[in-house]
Amino acid sequence: MHRLLPGATIGILGNGQLGRMLCLAAAQLGYRTHVFGPEADSPAEQVAGVSTVAAYTDESALAAFSAAVDVVTFEFENVPAQAAAFLAAHTKVRPSWRALEVCQDRVKEKQFFASIGAATPPWQPINSLADLKTALTKVKPPAVLKTSRLGYDGKGQAKILNASDADAAWNTITGGKAHTTNGGAYAVLEGFVDFRCEVSVIAAREQDGKIVCFEPSENVHANHMLATSTVPARIDATTAAAAMDIATRAVTALDLVGLLAVEMFVTSDSTLLCNEMAPRPHNSGHWTQDACGTDQFEQLIRAVAGLPLVDPARHADVVMKNLVGADVNNLDGYLADPAAHIHLYGKTEARPGRKMGHVNILRPKSS
Ligand code: AMP
């Protein structure tokens with residue numbers, strides 16, 4: 001295992017709140033950080049040692065960045081292919097492009113889940129309105145149409161309750177404009193799952209292949225965005241073990257060094273259906289910061305720096321609540337509660353729907 005010594009510099013592509021919390025974890029282990037992203041005065045820039053504000057396609061900025069760091073990791077997966085290829089040619093990159101590439105595209109992701117024997121909701125690739133109409137005879141409504149790439153927090157999605165909604169749904173996701181397929185499928189049609197709950201598992205994998213999973217969190221979404229993550233999740237031990245096994249098989253098959261978050265639906269008969277995955281720290285893993293001995297950010301820094309992963313050792317029950325928009329103006333109750341651990345991202349403008357921070361509320365450990 002190639003171990004970085006304290007004082008080495010970890011480069012982080014992306015400069016949002018995940019990058020900010022990664023910088024803090026890196027600093028705790030004695031590493032310097034250098035963040036790279038397009039926005040000035042970003043959440044990560046405020047705490048990073050060095051910041052480059054440049055477009056991901058700016059090769060001279062990428063060259064200077066790769067020369068200044070000892071390893072590069074990512075706080076998001078939608079890195080342009082040419083930026084990832086450029087960095088890989090000039091420095092060590094963890095995780096590798098293969099993991100990012102699979103997670104950038106819902107079709108590749110679903111094919112990947114099938115390849116590791118993990119179930120997904122029924123789905124069909126869609127490249128045209130005609131495709132969609134045919135697919136609706138196989139994946140019966142209710143269903144959801146999603147763009148294959150670049151969708152997040154419910155953007156690029158349209159629900160289909162009846163086959164007659166097809167035209168409107170297609171218009172919603174294409175915006176009525178011509179679309180590109182990038183050689184794959186532009187969209188996927190997915191059966192709408194009547195789930196009992198949603199869970200996610202975050203797995204960390206080190207250079208020598210050792211894997212450590214955080215236990216599943218139970219996630220509740222509101223307005224297409226994560227609202228709360230609760231641990232322990234209300235699932236039985238067999239289902240929890242099966243969820244952790246899927247995440248373990250996924251990081252192994254991707255040969256990933258770093259973190260992978262896998263989101264799954266749990267049906268009424270405890271079947272796990274994989275929804276999507278992300279090769280980076282995840283909002284549904286923020287609970288680990290205060291409820292575990294080692295959190296998701298430290299595990300990622302350990303993995304990319306060649307340090308050993310450790311058992312995360314959860315010591316409390318926890319509810320993580322996202323602070324969205326104006327929520328951040330009502331912190332007095334949390335500030336007065338010693339069980340509430342507040343994390344703010346340094347964003348000044350509390351626009352509606354903007355993630356401003358989160359709070360982890362701890363309770364004595366029940367199981
Ligand atoms: P996604 O962008 O795919 O993560 O979807 C965001 C959220 O929308 C999910 O976490 C679910 O709450 C809901 N959702 C997405 N796809 C489905 C589906 N096929 N069935 C039921 N709910 C879904």
Side-chain angles (χ1 to χ4, degrees), residues 18 76-78 100 102-114 118-126 132 135-136 138-163 165-166 169-170 172-173 184-202 216-231 233-235 243 246-247 250 259-287 320-322 324 353 355 358:
L18 301 175
F76 74 123
E77 58 276 27
N78 291 316
L100 269 62
V102 173
C103 300
Q104 281 184 352
D105 186 303
R106 291 187 192 272
V107 171
K108 287 189 183 141
E109 208 168 59
K110 290 180 193 312
Q111 290 167 339
F112 172 78
F113 283 131
T120 61
W123 67 280
Q124 288 286 311
I126 306 291
L132 176 58
L136 280 166
K138 298 179 188 148
V139 176
K140 299 254 178 344
V144 52
L145 182 65
K146 302 178 178 178
T147 53
S148 297
R149 302 172 76 87
L150 299 176
Y152 65 96
D153 292 344
K155 294 183 182 68
Q157 297 194 10
K159 203 162 168 189
I160 297 180
L161 294 177
N162 299 294
D165 297 340
W170 181 247
T172 302
I173 67 155
Y186 174 71
V188 293
L189 179 71
E190 263 179 45
F192 200 77
V193 180
D194 182 19
F195 55 76
R196 183 163 62 76
C197 66
E198 290 186 77
V199 297
S200 58
V201 172
I202 293 167
S217 64
E218 180 174 340
N219 305 322
V220 173
H221 292 79
N223 303 317
H224 297 286
M225 201 187 272
L226 183 66
T228 63
S229 292
T230 302
V231 184
R234 288 168 303 163
I235 54 176
I246 288 173
L259 285 186
L260 185 75
V262 185
E263 296 182 68
M264 301 166 226
F265 302 122
V266 185
T267 64
S268 52
D269 65 357
S270 292
T271 301
L272 292 168
L273 300 174
C274 293
N275 176 28
E276 61 179 10
M277 57 183 190
R280 54 164 167 81
H282 197 257
N283 194 167
S284 69
H286 292 354
W287 63 272
M320 186 284 315
K321 290 189 183 181
N322 268 342
V324 180
K355 290 179 185 170
H358 64 272

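Ligands are counted one by one from 1 in listed order, and the atoms in each one are counted from 1 as well.
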Query raised in the report: Polar-atom distance check: E198 versus ligand 1, any N or O pair below 3.5 Å?
Result: yes
Report task. Ignoring angles and geometry beyond distance, decide whether P121 reaches within less than 3.5 Å of ligand 1 through its nitrogen or oxygen atoms. Result -> no
Requested in this report: Take Q157 and H224 through the side-chain hydrogen bond (donor to acceptor under 3.5 Å, both in side chains) test and state the conclusion after the steps.
Outcome: CA-CA 10 Å; Q157 297 194 10; H224 297 286; 4.7 Å; no
Query raised in the report: Quick one: does H224 get a heavy atom under 4.0 Å from ligand 1?
Result: no
Query raised in the report: Is ligand 1 under 4.0 Å from a heavy atom in the side chain of N275, in the backbone, in both, or in neither?
Result: side chain
Query raised in the report: Please, which pairs that meet salt bridge (charged side-chain N to carboxylate O under 4.0 Å, His left out) have at least one residue in residues 272-286, sequence neighbours excluded?
Result: E77-R280, R106-E276
Query - Euclidean distance, K110 NZ relative to F112 CZ, rounded to 0.5 Å - result: 13.5 Å
Query - K146 NZ: over 12 foreign heavy atoms closer than 6.0 Å - result: yes
Query raised in the report: Should T271 and V266 count as side-chain neighbours, where that means a heavy-atom distance under 4.5 Å?
Result: no
Query - Straight-line distance of M225 CE to K355 NZ, nearest 0.5 Å - result: 5.5 Å
Query raised in the report: Under a heavy-atom criterion of less than 4.0 Å, does A143 contact ligand 1?
Result: no
Report summary line: One finds that the ligand 1 atoms under 4.0 Å from a non-hydrogen atom of V193 are 18 (C), 20 (N), 21 (C)
Report task. Check each of R106, E190, K146, H221 against atom 15 (C) of ligand 1 and report the one with the nearest heavy atom. Result -> K146
